[in-house]
Number of protein chains: 2
Amino acid sequence: MTSDLQAPASRDGNAAMRVASGIRDAIAHGDLAPGSRLRQEEIAERFGASRVPVREALKSLEAEGLVTLVPNAGAWVSRLTLAECEEVYQTRERLEPLLLAHSAPHLSEADLDRLEELAAAMSSTDDVGEFVRVDREFHMLSYSRAETLMLGDLVERLWNLTQPYRRAYTVLADADTRRIMHDEHHLMVVALREGDVEGAARTIEGHIRRTRRLLSRHPEVFTTSG
Amino acid sequence: MTSDLQAPASRDGNAAMRVASGIRDAIAHGDLAPGSRLRQEEIAERFGASRVPVREALKSLEAEGLVTLVPNAGAWVSRLTLAECEEVYQTRERLEPLLLAHSAPHLSEADLDRLEELAAAMSSTDDVGEFVRVDREFHMLSYSRAETLMLGDLVERLWNLTQPYRRAYTVLADADTRRIMHDEHHLMVVALREGDVEGAARTIEGHIRRTRRLLSRHPEVFTTSG
DNA sequence: TGGTCTTGGATTGGATCCAATCATGGAGTA
DNA sequence: TACTCCATGATTGGATCCAATCCAAGACCA
């Protein structure tokens, strides 16, 4: 019980924030699958905190939609149906062009170089995990210069909601589809370099739309076999 | 073991939920102005609870953007600048046509009759408080038949964010502007009756866009004089 | 034998207590 | 007079304890 043996958990930020980030990451990385039950005490012990900050963290995650909270019953990692996932993509289709328009004018040359690097890395890798990771970095970087109150956070949350399924259906893309995705990424960088915000916005919209339609052809990703 | 995977039906009634709703309503009704400090103990006493559920409620409200939480300092009702308010309206401009498209096919005749009633009530009242209240009911009813995972809640949150400012700039609309707003409402009902989802979506988009432009002509609403 | 009731354990929800942190104001000094 | 430093009170953050609720297994009875 003496705290000398147990190193006090890192002090930056408050505990609830740390716990929330930890759970978010665990979900994103696939360590916590959709449908998994989240027991407060278990989480508390895992993060070296008491249950109070855990409950606050779960409240935040519920508001983000990542966790489903049932009074007097418990918390589960949210599970999406195909229809719900399509809804998230429809929403992204509307919001990300807007967010990109906010960010595009402030992207530096270095940002654009990095975007090109990431696009190239995506077309050369065969590892799905790596692809998904780089894909996320690519898009988030393209939005990173937007100075927004909530739109940026909102889009990131939408990505988080579908992250567990992204890997699953990325495997299913055939060579042609992958080629088209890479072309779209490249087109987007070109448009951004030319200062063609409208063109970049249209490209990202089409990109998300195409991904959504790919998704809807693979309902097997969402079968609740577990 | 597998019984942990599916969440049982929800049951409402915990304190954190009540507190969150209470604060939300207080902000919406203007009892809590943007910038107001929220002291945990004060709130706890007001709702007859302890500080623990209050802290959970504040976490939720922070995730919604209604409350700004500063570690080790406290909580304040979020205050928007003009630019941030315009961002919310830009976001609504993209999302509400989509949400309306989800809802429109499921609106009943009774719903449409009620919408017409509300539109008429808006054009006949001179009381600003009444107008704002009915306006919200009108739009929320038009979305109420959408069966969405998050889009419906998301739009409602966006409305909540700007609710404190809506009353302020509604006063500033001249007779012409009000007339146009009423026409738009009526046009929307007509399009919905005809089953013209696309037309209704365009109408609501134009309606929000017009409101946003009206808003940007009245920066004085956002001067931090208080 | 089948259904209902009860009881125990497990888990969440809430209250109280203690620790950590921050703002405020006053004393002391150049 | 103005600036620094420190002490003190107020407020938030976290831990522990207790109450309420739910689920499941087994007892009881028709």
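Every value quoted in this text rests on a predicted model; they were computed, and no experiment measured them.
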Spacing between A:Glu56 atom CD and C:dG13 atom P, to the nearest angstrom: 13 Å

Does the base of C:dG14 carry an N or O that pairs as donor and acceptor with the side chain of B:Arg51 under 3.5 Å? no

A:Asn72 CG to C:dT12 P, straight-line distance once rounded to whole Å: 10 Å

What is the distance, to the nearest angstrom, from the CD atom on B:Glu62 to the P atom on D:dT12? 14 Å

Which residue lies toward the 5' end of DNA chain C, A:Val52 or A:Gly74, if each is placed at its nearest nucleotide? A:Gly74

May I have the distance from B:Asn14 (atom CG) to C:dA15 (atom C1'), rounded to whole angstrom? 15 Å

Among all residues two or more places apart in sequence or in another chain, which pass the salt bridge (charged side-chain N to carboxylate O under 4.0 Å, His left out) test with A:Glu41? none

With sequence neighbours excluded, what pairs up with B:Ala201 under the side chain to side chain contact (heavy atoms under 4.5 Å, CB included) test? B:Pro97

By side chain to side chain contact (heavy atoms under 4.5 Å, CB included) - contacts of B:Val52 (at least two apart): A:Arg55, B:Ser50, B:Glu56

Kindly indicate whether the side chain of A:Arg55 and the base of D:dG14 share any N or O donor-acceptor pair separated by less than 3.5 Å? no

If I take atom CZ in residue A:Arg37 and atom C1' in nucleotide D:dC23, what distance separates them, rounded to the nearest angstrom? 10 Å

Within residues 22-35 of chain A or reaching into it, pairs that qualify as side chain to side chain donor-acceptor pair (under 3.5 Å) - sequence neighbours excluded: A:Arg24-A:Glu64

Going by heavy atoms closer than 4.0 Å, what residues in residues 38-49 of chain B are next to DNA chain D? B:Leu38, B:Arg39, B:Gln40

B:Met17 has an atom CE; how far is it from atom P of C:dT12, in whole Å? 16 Å

State which residues pass side chain to side chain contact (heavy atoms under 4.5 Å, CB included) with A:Ala28; sequence neighbours excluded, sorted by chain then number. A:Gln163

Distance check: side-chain N/O of A:Arg18 vs OP1/OP2 of D:dG13, anything under 4.0 Å? no

Determine whether the side chains of B:Glu96 and B:His139 contain a donor N or O and an acceptor N or O closer than 3.5 Å. no

